[in-house]
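Step one of this worksheet: look at the structure below.
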Amino acid sequence: GNSVTQMEGPVTLSEEAFLTINCTYTATGYPSLFWYVQYPGEGLQLLLKATKADDKGSNKGFEATYRKETTSFHLEKGSVQVSDSAVYFCALFTNAGGTSYGKLTFGQGTILTVHP
Amino acid sequence: NAGVTQTPKFRVLKTGQSMTLLCAQDMNHEYMYWYRQDPGMGLRLIHYSVGEGTTAKGEVPDGYNVSRLKKQNFLLGLESAAPSQTSVYFCASSGTGRGNTQYFGPGTRLTVL
């Protein structure tokens, strides 16, 4: 079956530090890959996505590259801010048997706390 | 633009009580989903729907029922609540197409005593 493994947290950084959150996956077929962010007390928001190998998703200074050879989709940001404190979820999407619908499989989430 | 809304935001039930969670979306999306979020486990799919009048089981469907009588609404029912159903419930919707983005509601925090 499909699965997503994320770097265990929590991760605590100082403002302007470099961030990496590792994500690896196993999947049948050719998945699309996502990073979602959940701010305290809110639902999940899409942060970025990539739908094919070597695609780079980017948004708000965050980046992740779809690496098929290493089955990875690591999240990076060059300089984090206090406002980036949140829970980050890596997820993959696979279609259900030739149809256009399917399901997201989530990692367990990584809590990021950024201090001033 | 409201996006995906959920009611209620919070609820406390006693074991054996029933309740219905309502999800509504105004994006004309075909697909809708119910997830539960538990600490350290990410989100797990309970049930989903690929169109009005259709529903299907996800990873953890036991103890839940769903209905999609209107395209914009997706209801999640607990017939006889159990403490193991204490969780945060999220509804999501998406359009059609490969890897189409799912948009999430703000969640419902349910406690079963």
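Keep in mind the model is a prediction, meaning the values are calculated, not measured. Within every chain, numbering begins at 1; the chains are lettered A, B, ... in the order of the sequence lines, protein sequences first and strands thereafter.
No continuous path of hydrophobic side-chain contacts links B:L78 to B:Y33 [ILVMFWY only; heavy atoms under 4.5 Å]. By the rule that hydrophobic residues join a cluster once side-chain heavy atoms approach within less than 4.5 Å of another member, A:L48 and A:V80 end up as members of one cluster. Note: the hydrophobic cluster containing B:L45 also contains B:Y31 (ILVMFWY, side chain heavy atoms under 4.5 Å, direct or indirect links). One hydrophobic cluster, built from ILVMFWY side chains closer than 4.5 Å, holds both A:F73 and A:L19. One hydrophobic cluster, built from ILVMFWY side chains closer than 4.5 Å, holds both B:L21 and B:M32.
Heavy atoms closer than 4.5 Å to chain A are found in the side chain of B:E59, but not in its backbone. Using a 4.5 Å cut-off between heavy atoms, A:E8 does not touch chain B at all. In this structure, chain B has a heavy atom under 4.5 Å from the side chain of A:L46, while its backbone stays farther away.
Shown here is A:Q81, whose CD atom has more than 12 heavy atoms of other residues, nucleotides or ligands within 6.0 Å. The environment of CD in B:E79 is sparse: at most 12 heavy-atom neighbours from other residues, nucleotides or ligands sit within 6.0 Å.
Of the listed residues (B:Q37, B:R109, B:K9, B:Q6), the one with the most heavy-atom contacts under 4.5 Å to chain A is B:Q37.
Taken to the nearest 0.5 Å, the CG atom of A:L104 stands 12.5 Å off from the OH atom of B:Y48. Atom CZ in A:F106 sits 13.0 Å away from atom CZ in B:R44 (nearest 0.5 Å).
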Any chance you could lay out the side chain to side chain contact (heavy atoms under 4.5 Å, CB included) test for A:F93 and B:T101, step after step, and finish with the verdict?
-> CA-CA 9 Å; A:F93 177 93; B:T101 301; over 6 Å; no
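Across B:F90 and A:Q38, no two heavy atoms sit closer than the pair CZ-NE2, 3.2 Å.
Residues B:L43 and A:L44 are in side-chain contact: their nearest non-hydrogen atoms beyond the backbone lie under 4.5 Å apart.
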